[in-house]
A.B. asks: 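Structure incoming, see below.
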Amino acid sequence: MGKKTIKSTTVGSAAVILIVSLVTSTASAQSIRNYDVSHGFWIQPIQPALVTVAITKDFEHAWAKKPGFTSSANWSPTTQPSRFNRYGTDWQNRNGSVWNSGTAGATRVLENINVGVGPWPFVRNNSVTATSGTNTATASSSIFINEFAPTGAFVGGIRSNGSVSVSGTGSAYAFSSAGVAMMGLTMDWRRGRLGWSPMFRDSVSGSAHAVGRPPRSRDPITFSITDDEGNVLLEDTLVDMWAQVDEGEDAEVLWQNGVLSLTNADAGELVIDLDSEFLDSTDRGFARLVFEGGIITESTDSGILDGILPAVGMSSTFTAPVSTDWEFDYQIPDLGTNIQFDFDNGSAPAPVPEPSTIGLLAISTMVLLIKKRR
């Protein structure tokens, strides 16, 4: 299916209506945003051998603010670089490393890292919560790795999830990331098969004005090849997906148990990218869905994802059968012996505007409306 795009004439007015409603929201108004990204995975190299090194990493960051109350922030691990901004935002690079918007520039976050995990099975569950007045943010992550044998597959699962709740004024923020990296010098990783069972939920409800755009839920699988000095010779993302809901009362985008659904989602975007040149050609595909004003404005799907998405012009509230049990054959060039696979997930940052900023924007919008009416 080719790329199709139409222009929506209702998006501007819908945005104006939303901004005006922010001005009239009362102290009892509440905004709730949630994200939940997880997947199970396994990888079977063409020549199995014992994985000699496995690295797990996770990071959780939450903060909440409310005028008249003491602000609260919480994160894990508690030891961070001096420029770490506890009321800032975080994001990931392509191999899952987390960075923070430090006051003197972006600084790398000291993630919780465990090298050579064990004993088996390995389980890690971490969570942090920040509360200020009636505003709350919680960020959590989980990692599970089964014991594996020299002739078996490497099997595990990771999850990042969180929520923010704001009543009336103030703001809240949650970010979490989980990841597993596999390296084995005794194992030939260059050819093999990997499995991926994704699940994600991104949702928003309420109309309190203090919370900005929700984080983008993301779920990639990457690999990198380095030489003996650590220089990257080649890296690529084999599998990637992300989703974001920008607007919608009680909106939700959900993909689990073989079903993809959007509910009350007025605006946002969904991407599933299985188009790496290192995947077998029969396993490749790409899908992108953009919706505005409750209508699908762009729908593109190809390869093994052809036909999974509804067409342009249809309602953005829909349910479609989309498999959550994927298997891919891959083949990587023979450039070096140090090959690392990264299974990561997390959420990209989004600005969280303060009430005063939104208020000025809303007031200027109302003035503009009055001038137009005259």
A.B. asks: Kindly give the heavy-atom pair with the smallest separation between A64 and Y87, and that separation in Å.
C.D. replies: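 Reported closest heavy-atom pair: O-CE2, 4.4 Å.
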A.B. asks: Is there side-chain contact between T134 and K66, with at least one heavy-atom pair below 4.5 Å?
C.D. replies: yes
A.B. asks: Taking C-beta and beyond as the side chain, do L279 and L238 meet within less than 4.5 Å on heavy atoms?
C.D. replies: yes
A.B. asks: Check whether the side chains of N112 and S76 place a donor and an acceptor atom closer than 3.5 Å, and report yes or no.
C.D. replies: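 Short answer, yes.
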A.B. asks: Please say yes or no: joined through hydrophobic side-chain contacts below 4.5 Å, possibly via intermediate residues, are W99 and L110 part of one cluster?
C.D. replies: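 No, it is not one cluster - the side chains of W99 and L110 are not joined through contacts under 4.5 Å.
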A.B. asks: Apply ring-ring contact (aromatic ring centres under 6.0 Å, His included) to the pair F341 and F154, showing each step before the final yes or no.
C.D. replies: CA-CA 11 Å; F341 275 86; F154 184 97; 9.9 Å; no
A.B. asks: Within the 3.5 Å criterion, strictly below it, is a donor on D58 or N126 matched to an acceptor on the partner's side chain?
C.D. replies: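 Side-chain D/A pair, D58 to N126: present.
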A.B. asks: Are side-chain heavy atoms of L233 and T226 found at a separation under 4.5 Å?
C.D. replies: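 Heavy-atom side-chain distance check fails, nothing below 4.5 Å.
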A.B. asks: Where is the tightest heavy-atom contact between N264 and A251, given as atom of each residue plus distance?
C.D. replies: O-CB, 3.2 Å
A.B. asks: Restricting to non-hydrogen atoms, name the atom on D240 and the atom on P220 that form the minimum distance, rounded to 0.1 Å.
C.D. replies: OD1-CB, 3.6 Å
A.B. asks: Tell me the side chain to side chain donor-acceptor pair (under 3.5 Å) pairs involving residues 323-332, sequence neighbours left out?
C.D. replies: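 Checked against side chain to side chain donor-acceptor pair (under 3.5 Å) - neighbours excluded - the pairs reaching residues 323-332 are R193-E327, R193-D329.
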A.B. asks: S177 and side-chain hydrogen bond (donor to acceptor under 3.5 Å, both in side chains): which single residue from R218, E60, Q92 fits?
C.D. replies: Q92
A.B. asks: Just checking, any donor-acceptor pair under 3.5 angstrom between side chains of D236 and S276?
C.D. replies: yes
A.B. asks: For residues I32 and S165, report the shortest heavy-atom separation together with the two atoms involved.
C.D. replies: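 Shortest heavy-atom contact: CG1-OG, 4.0 Å.
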A.B. asks: Could you tell me if the ring centre of Y173 sits under 6.0 Å from that of H61?
C.D. replies: yes
A.B. asks: Carefully, step by step, assess T297 and E292 under the rule side-chain contact (heavy atoms from CB on, under 4.5 Å).
C.D. replies: CA-CA 7 Å; T297 59; E292 300 178 5; 4.1 Å; yes
A.B. asks: Determine whether L289 and L254 fall in the same hydrophobic cluster, where Ile, Leu, Val, Met, Phe, Trp and Tyr are linked whenever their side-chain heavy atoms lie under 4.5 Å apart.
C.D. replies: no
A.B. asks: When clusters are formed by joining ILVMFWY residues with side-chain heavy atoms under 4.5 Å apart, either directly or through shared neighbours, do M199 and V245 land in the same one?
C.D. replies: no
A.B. asks: Flag yes if V239 and V322 sit in one hydrophobic cluster, no otherwise; membership is Ile, Leu, Val, Met, Phe, Trp, Tyr, and two members link when side-chain heavy atoms are under 4.5 Å apart.
C.D. replies: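 Looking at the clustering, V322 is in the same group as V239.
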A.B. asks: So how far is it from I143 CD1 to F343 CZ, rounded to the nearest 0.5 Å?
C.D. replies: 13.0 Å
A.B. asks: Report the residue from N34, N74, T129 that forms a side-chain hydrogen bond (donor to acceptor under 3.5 Å, both in side chains) with T138.
C.D. replies: T129
A.B. asks: Could you tell me if N100 and D90 have a donor-acceptor pair between their side chains, going purely by distance under 3.5 Å?
C.D. replies: yes
A.B. asks: If you link I, L, V, M, F, W and Y whenever their side-chain heavy atoms are under 4.5 Å apart, who else ends up in the same group as V271?
C.D. replies: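 W242, F286, all in the cluster of V271.
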A.B. asks: Using the salt bridge (Lys or Arg N to Asp or Glu O under 4.0 Å) criterion, which residues pair with D36? Sequence neighbours excluded.
C.D. replies: R159
A.B. asks: Return the minimal non-hydrogen interatomic distance between S132 and F69, and the atom names on each side.
C.D. replies: OG-CB, 3.7 Å
A.B. asks: Which heavy atom in F41 sits nearest to a heavy atom in G157, and how many Å separate them?
C.D. replies: CE2-N, 3.6 Å
A.B. asks: Does W75 have its ring centroid less than 6.0 Å away from the ring centroid of F175?
C.D. replies: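 W75 vs F175: aromatic centres not under 6.0 Å.
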A.B. asks: We want to know whether S224 and Q340 form a side-chain donor-acceptor pair, criterion being a heavy-atom distance below 3.5 angstrom.
C.D. replies: no
A.B. asks: Would you indicate whether the side-chain heavy atoms of I145 and V155 approach each other to under 4.5 Å?
C.D. replies: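 No. Closest side-chain heavy atoms not under 4.5 Å.
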A.B. asks: What do the steps show when you test F328 against D280 for side-chain contact (heavy atoms from CB on, under 4.5 Å), and what is the final call?
C.D. replies: CA-CA 7 Å; F328 310 94; D280 188 273; over 6 Å; no
A.B. asks: Taking it one step at a time, do S160 and N345 satisfy side chain to side chain donor-acceptor pair (under 3.5 Å)?
C.D. replies: CA-CA 7 Å; S160 297; N345 62 22; 2.7 Å; yes
A.B. asks: Looking at Y35 versus F200, is the centre-to-centre ring distance below 6.0 Å?
C.D. replies: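 Not under 6.0 Å, so no.
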A.B. asks: Side chains of S261 and T319 only: does a donor on one sit below 3.5 Å from an acceptor on the other?
C.D. replies: no
